[in-house]
A.B. asks: 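Structure below; questions to follow.
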Amino acid sequence: MDWLGPEEWSALRLSLRVSFWATIASLPAALFVAHALARWRFPGHTVLNGLVHLPLVLPPVVTGYLLLVAFGRRGLLGPWLHDWFGIVFSFRWTGAALAAAVMAFPLMVRAIRLSIEAVDPRLEAAAGSLGASRFWVWITVTLPLILPGVLAGAILAFAKAMGEFGATITFVSNIPGETRTLPTAIYSFLQVPGGEAAAARLVLVAVVLAMGALILSEWLARRIARRIAAR
């Protein structure tokens, strides 16, 4: 990508890094929450479902502010995480990854949940009747069947993380080389005279990445539908 300048390339690399870790770090929690929502009935089920999807309906700035209150240097958890584990989120790329993960989490959970709900519980029950533990049934029966959905959810979450702006800029600001991701870089270029060309190049990159993610996700969704119809 020689047509991208150093600042633009730095923002793209940071966005890819942030999106990758946001997706990988949130995947185990998304699998657990999606399974709980799809298969379990418990007090607080509706509350959990609401909390999971809350970032989709809240203004991203509000989500960023809540992250700042919770994980900032003077927040509720920020000082404790720093003192005990040396983890710092505010004004670091790790904070950008956290903000991206929170905003993308509902999309990942929803895709995985729909895949789990499409699996016939009788298949899991049959495996359990043969003496397999619940965990082993999930690993050997459920997971292979929902794998396309898991991949589709991860791809959508990655694309959402690449485009996250409001929560990121509120929580970790817009620091070049540290928290300036693709969307915040576009915003920054548009604020200075002569920055339109650089912004346009990054917009083109963002559109290509987003369209690629949507096409791949759609292909996986169709594969899931064919697999279900063939059963």
A.B. asks: Is I87 reachable from I175 through a run of hydrophobic residues whose side-chain heavy atoms are each under 4.5 Å from the next?
C.D. replies: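 Different clusters: I175 never reaches I87 through Ile, Leu, Val, Met, Phe, Trp or Tyr contacts under 4.5 Å.
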A.B. asks: Looking only at heavy atoms, what is the nearest atom pair of L182 and A206, with distance?
C.D. replies: CD2-CB, 3.8 Å
A.B. asks: Do the non-hydrogen side-chain atoms of M162 and T181 ever get within less than 4.5 Å of each other?
C.D. replies: no
A.B. asks: Are more than 12 heavy atoms, taken from residues, nucleotides or ligands other than R41, located less than 6.0 Å from that residue's CZ atom?
C.D. replies: yes
A.B. asks: Looking at CG of L27 and OG1 of T23, how far apart are the two atoms once the value is rounded to the nearest 0.5 Å?
C.D. replies: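 Rounded to the nearest 0.5 Å, the CG-OG1 separation comes to 8.5 Å.
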A.B. asks: To the closest 0.5 Å, what do you measure between CZ (F158) and CG (L216)?
C.D. replies: 11.5 Å
A.B. asks: Carefully, step by step, assess V119 and R39 under the rule side-chain contact (heavy atoms from CB on, under 4.5 Å).
C.D. replies: CA-CA 10 Å; V119 175; R39 288 285 191 258; 3.7 Å; yes
A.B. asks: Give me the atom names and distance for the closest heavy-atom approach of P144 to T140.
C.D. replies: CG-O, 3.5 Å
A.B. asks: Could you pull out the closest heavy-atom pair between A157 and M108, with the gap in Å?
C.D. replies: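 Closest approach of A157 to M108: CB-CE, 3.4 Å.
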A.B. asks: Look up atom CG in L202 and atom CG in L190, then write down how far apart they are to the nearest 0.5 Å.
C.D. replies: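 These two atoms lie 9.5 Å from each other.
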A.B. asks: Report yes if the side chains of N174 and S188 come closer than 4.5 Å at any heavy-atom pair, otherwise no.
C.D. replies: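 When only atoms from C-beta onward are counted, S188 and N174 do touch, with a gap below 4.5 Å.
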A.B. asks: Should V102 and V33 be regarded as members of a common hydrophobic cluster, given that ILVMFWY residues are connected when their side-chain heavy atoms come within less than 4.5 Å of each other, either directly or indirectly?
C.D. replies: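 No, V102 and V33 fall in different hydrophobic clusters.
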A.B. asks: Give a yes or no on whether the backbone of A11 and the side-chain of S15 come within a donor-acceptor separation of less than 3.5 Å.
C.D. replies: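 Here the side-chain-to-backbone pair exists.
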A.B. asks: At their closest point, which heavy atom of T179 faces which heavy atom of S173, and how far apart are they?
C.D. replies: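 Minimum heavy-atom contact is OG1-O, 3.3 Å.
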A.B. asks: Would a line drawn from the ring center of W138 to the ring center of F32 be shorter than 6.0 Å?
C.D. replies: no
A.B. asks: Between CG of L114 and CD1 of I146, what distance do you get to the nearest 0.5 Å?
C.D. replies: 11.5 Å
A.B. asks: Assess the residue pair F20 and W93 against the criterion (ring pair (Phe, Tyr, Trp, His ring centres under 6.0 Å)); give the C-alpha distance rounded to whole Å, side-chain angles, the decisive distance to 0.1 Å, and a yes or no.
C.D. replies: CA-CA 12 Å; F20 173 80; W93 76 268; over 10 Å; no
A.B. asks: So L14 and T184, side-chain contact (heavy atoms from CB on, under 4.5 Å) or not? Walk me through it.
C.D. replies: CA-CA 11 Å; L14 182 60; T184 54; over 6 Å; no
A.B. asks: Can you give each donor-acceptor pair under 3.5 Å made by side-chain atoms of residues 50-71, sequence neighbours left out, with the distance rounded to 0.1 Å?
C.D. replies:
from : atom 1 : to  : atom 2 : distance (Å)
H53  : ND1    : N49 : O      : 2.9
H53  : ND1    : N49 : OD1    : 3.3

A.B. asks: If two hydrophobic side chains count as joined below 4.5 Å and joins carry through other members, does I215 share a cluster with V205?
C.D. replies: yes
A.B. asks: Same cluster or not: are L81 and V88 linked, directly or through other Ile, Leu, Val, Met, Phe, Trp or Tyr residues, by side-chain heavy atoms under 4.5 angstrom apart?
C.D. replies: no
A.B. asks: Do F42 and H45 have their ring centres less than 6.0 Å from each other?
C.D. replies: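 Between F42 and H45, the centre distance is under 6.0 Å.
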A.B. asks: Once you round to the nearest 0.5 Å, how far does CG of L48 lie from CG of L37?
C.D. replies: 4.5 Å
A.B. asks: Which atoms form the tightest heavy-atom contact between A111 and G153, and what is the distance?
C.D. replies: CB-CA, 3.5 Å
A.B. asks: Kindly determine whether I112 and H35 satisfy side-chain contact (heavy atoms from CB on, under 4.5 Å), including the steps that lead there.
C.D. replies: CA-CA 8 Å; I112 298 174; H35 183 82; over 6 Å; no
A.B. asks: So how far is it from R73 CZ to F91 CZ, rounded to the nearest 0.5 Å?
C.D. replies: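 One finds 8.5 Å between CZ of R73 and CZ of F91.
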A.B. asks: Would you name the heavy atoms of A34 and I116 that are closest together and state the gap between them?
C.D. replies: C-CD1, 3.9 Å
A.B. asks: Looking only at side chains, do T142 and E124 share a donor and an acceptor under 3.5 Å apart?
C.D. replies: yes
A.B. asks: Starting from the C-alpha separation in whole Å, work towards a yes-or-no answer on side-chain contact (heavy atoms from CB on, under 4.5 Å) for V150 and L31.
C.D. replies: CA-CA 8 Å; V150 173; L31 286 167; 3.8 Å; yes
A.B. asks: Are L107 and W219 connected, step by step, through hydrophobic side chains (Ile, Leu, Val, Met, Phe, Trp, Tyr) whose heavy atoms are closer than 4.5 Å?
C.D. replies: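 Different hydrophobic clusters.
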A.B. asks: So do L214 and L156 actually touch side chain to side chain, heavy atoms under 4.5 Å?
C.D. replies: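 In contact.
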A.B. asks: For A198, is there any backbone N or O sitting under 3.5 Å from a side-chain donor or acceptor partner on E196?
C.D. replies: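 Here the side-chain-to-backbone pair does not exist.
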A.B. asks: So do the side chains of L123 and L145 get within less than 4.5 Å of each other, counting heavy atoms only?
C.D. replies: yes
A.B. asks: Please write out which residues are connected to Y187 in a hydrophobic cluster, directly or through intermediates, given that two of Ile, Leu, Val, Met, Phe, Trp, Tyr count as joined at side-chain heavy-atom separations below 4.5 angstrom.
C.D. replies: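 Noted: Y187 shares its cluster with F165, I169.
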